[in-house]
Asks: 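Can you keep this structure in mind? I'll have questions shortly.
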Amino acid sequence: MNRRNWLLAIGLSLLGFVGGLFSANCQPNPGYIPPLKVVGDVARVVKLEDPKQLGKLQHINYDGNNYQAMRLTDIIAAAQPVATAGQIYLVGNDGFTSSFPAEGLENSYIFFSAQNGWEAVNLKHPINSNVKMLKEIVVIAKECPPHFGITIIKPDKELFRITPGQLYKRDWLDYPYVEGQAVVENEGKSYTSAVYTRRKVFRLTDFIPIDEGSRMLVMGVAGEHRFLENRGFFELKDNYISYLQLDDRNCVDKVAGVIINPPPSSIMDAFYDARRYLENNEKVLMIIIPGLTNQVYSDALAKGGLPFLKNAGVALKASGVYPLEKQVWLGAIVTGKSPEENGITSVQDQELKAPTLFAVARQLKKPALLLQSAGRQLNTEIEALPVNDQNASGTADDELYTLSLNHLGQGYDLIMLCFEGIASRHKNQDEGAESTLAAVKAIDSYLQGIASKWPGQIIITATPGTDTGESSRFDFNADTVFVPYWRFSP
């Protein structure tokens with residue numbers, strides 16, 4: 001080989017080497033990785049934006065190629081399903097969706113490639129279960145767990161209950177919601193643009209018949225309490241359901257439940273009834289009975305356990321508030337405002353953002369007294385006189401009764417008493433237990449003794465929950481959301 005050919009061969013070899021390096025370093029790069037979300041009946045919405053986000057990857061061989069993939073079961077576990085998963089939906093960007101039972105997923109994987117984006121591969125399932133360009137993994141619970149999704153009720157019965165995951169299986173509308181618009185002037189001409197977001201929405205009438213003109217009381221998990229006309233949309237958002245009123249853009253971000261045509265009475269009426277009595281120079285005794293649900297009241301009435309309240313007149317059915325906790329309901333009762341407005345949205349909250357009935361009494365120069373069992377209390381304008389279970393009977397109701405009798409004749413214009421016996425039984429007993437009936441009978445006898453010595457108006461109502469953070473004991477239904485309400489003078 002002459003020198004010229006030798007140099008040419010070396011040059012071509014170097015060119016091939018450099019080309020190889022260039023090619024090796026210019027393989028398709030994922031660049032932007034679109035998020036893959038895990039939604040539905042999960043406590044935590046997982047947004048995957050990195051194939052290594054959940055840690056260790058599995059080496060799999062699929063269609064003659066090797067991949068590093070995440071187990072589908074690990075991804076679902078990271079999202080913390082709220083109940084036993086029954087079905088899994090894999091949703092692609094083009095709407096293609098595969099559905100299969102949430103069992104036997106040991107050989108199901110998710111991986112990312114520049115060519116197919118997020119890709120689901122189910123090695124043991126039919127080939128149509130595999131999805132490319134995946135955008136959502138939907139977890140659907142086998143059964144509707146309490147406190148997840150929404151419940152639609154009337155004052156006398158439950159109408160409909162559904163979770164976010166279950167909604168993915170139903171029909172909904174892809175609605176273009178107007179977020180806003182802008183107008184600019186250029187060279188004497190107006191240019192406009194509008195911005196929309198796509199919303200997954202539905203109406204209640206898509207699932208259940210509702211009379212035209214019906215009103216709704218929509219309750220949210222953050223204490224929202226909105227009376228609305230049935231003109232808006234419910235919206236499916238990842239792992240919760242919200243409500244959007246189109247005309248005034250009134251929104252409840254996370255809906256807990258809806259009451260169709262709620263009764264006219266509310267536990268918050270106690271504030272306004274008591275204020276009216278005080279302004280008319282009448283004395284007011286307000287009594288709160290935690291645990292006296294509609295079912296407990298009806299059962300005890302049928303068994304003859306409430307002779308005093310039976311003679312006090314027919315109880316009104318009053319709607320409560322959400323969350324279903326004693327502390328939250330007390331905040332609504334003493335302020336006449338919803339939890340969202342008064343600031344008491346959980347059992348940990350104590351600081352009120354709205355004036356209470358005791359502020360009204362102070363303004364009217366009416367002496368007031370608050371008696372309740374010791375423990376976490378609301379910070380009102382007056383200091384509560386705590387009552388302790390001195391005889392270790394399991395409840396301080398008997399001590400509260402004795403103490404209240406001692407104060408009835410001491411010149412107070414407003415006295416508020418809060419019993420606890422029925423609620424304390426609910427912590428460990430079923431509502432129909434004999435201990436619950438015994439507590440109801442005891443409180444009824446206390447009420448009779450107290451009312452016989454009170455010279456003014458009496459308001460009695462109840463709460464369904466406890467003050468120990470055990471709201472999971474109470475589901476949103478026609479029993480727990482409504483309680484009896486009395487107002488009378490002896």
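Keep in mind the model is a prediction, meaning the values are calculated, not measured.
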Asks: So which atom in Thr345 and which in Pro339 form the shortest heavy-atom distance, rounded to 0.1 Å?
Replies: CG2-O, 3.6 Å
Asks: Where do Lys337 and Ala354 come nearest, in terms of heavy atoms and distance?
Replies: CG-CB, 4.1 Å
Asks: I need the minimum non-hydrogen distance between Glu420 and Ala396, along with the two atoms involved.
Replies: OE2-N, 2.9 Å
Asks: Tell me if the aromatic rings of Phe234 and Tyr243 count as close, with their centers under 6.0 Å from one another.
Replies: yes
Asks: So, do Phe233 and Tyr175 have ring centers that fall under 6.0 Å from each other?
Replies: yes
Asks: Provide the full list of salt bridge (Lys or Arg N to Asp or Glu O under 4.0 Å) pairs with a residue in residues 270-279, sequence neighbours left out, each pair given once.
Replies: Asp273-Arg276, Asp273-Arg487
Asks: Are the aromatic ring centres of Trp486 and Tyr297 under 6.0 angstrom apart?
Replies: yes
Asks: Which pair of heavy atoms, one from Ser98 and one from Val131, lies closest together, and at what distance?
Replies: OG-CG2, 3.5 Å
Asks: Check the angle between the aromatic planes of Phe207 and Phe160 and answer parallel, tilted or perpendicular using the 30° and 60° thresholds.
Replies: parallel
Asks: Do Gln448 and Asp444 have side-chain atoms, one donor and one acceptor, less than 3.5 Å apart?
Replies: no
Asks: Rounded to the nearest 0.5 Å, how far does CD1 of Ile288 lie from CG of Leu371?
Replies: 12.5 Å
Asks: How would you list, by chain and number, every residue that makes a side-chain hydrogen bond (donor to acceptor under 3.5 Å, both in side chains) with Lys37, sequence neighbours excluded?
Replies: Asp238
Asks: Considering non-hydrogen atoms only, spot the tightest contact between Met219 and Leu217 and give its length.
Replies: CE-CD2, 3.7 Å
Asks: Can a side-chain donor-acceptor contact be found between Gln87 and Ser99 if the only test is distance below 3.5 angstrom?
Replies: yes
Asks: Using a 3.5 Å cut-off and no angle test, enumerate the donor-acceptor pairs between side-chain atoms of residues 150-159 and protein atoms at least two apart in sequence or in another chain.
Replies:
{"from": "Glu158", "atom 1": "OE1", "to": "Arg161", "atom 2": "NH2", "distance (Å)": "2.8"}
{"from": "Glu158", "atom 1": "OE2", "to": "Arg161", "atom 2": "NE", "distance (Å)": "3.3"}

Asks: Within the 4.5 Å heavy-atom criterion, are Phe419 and Leu447 side-chain neighbours or not?
Replies: yes
Asks: Output the distance between atom CD (Glu106) and atom OH (Tyr109), rounded to the nearest 0.5 Å.
Replies: 9.0 Å
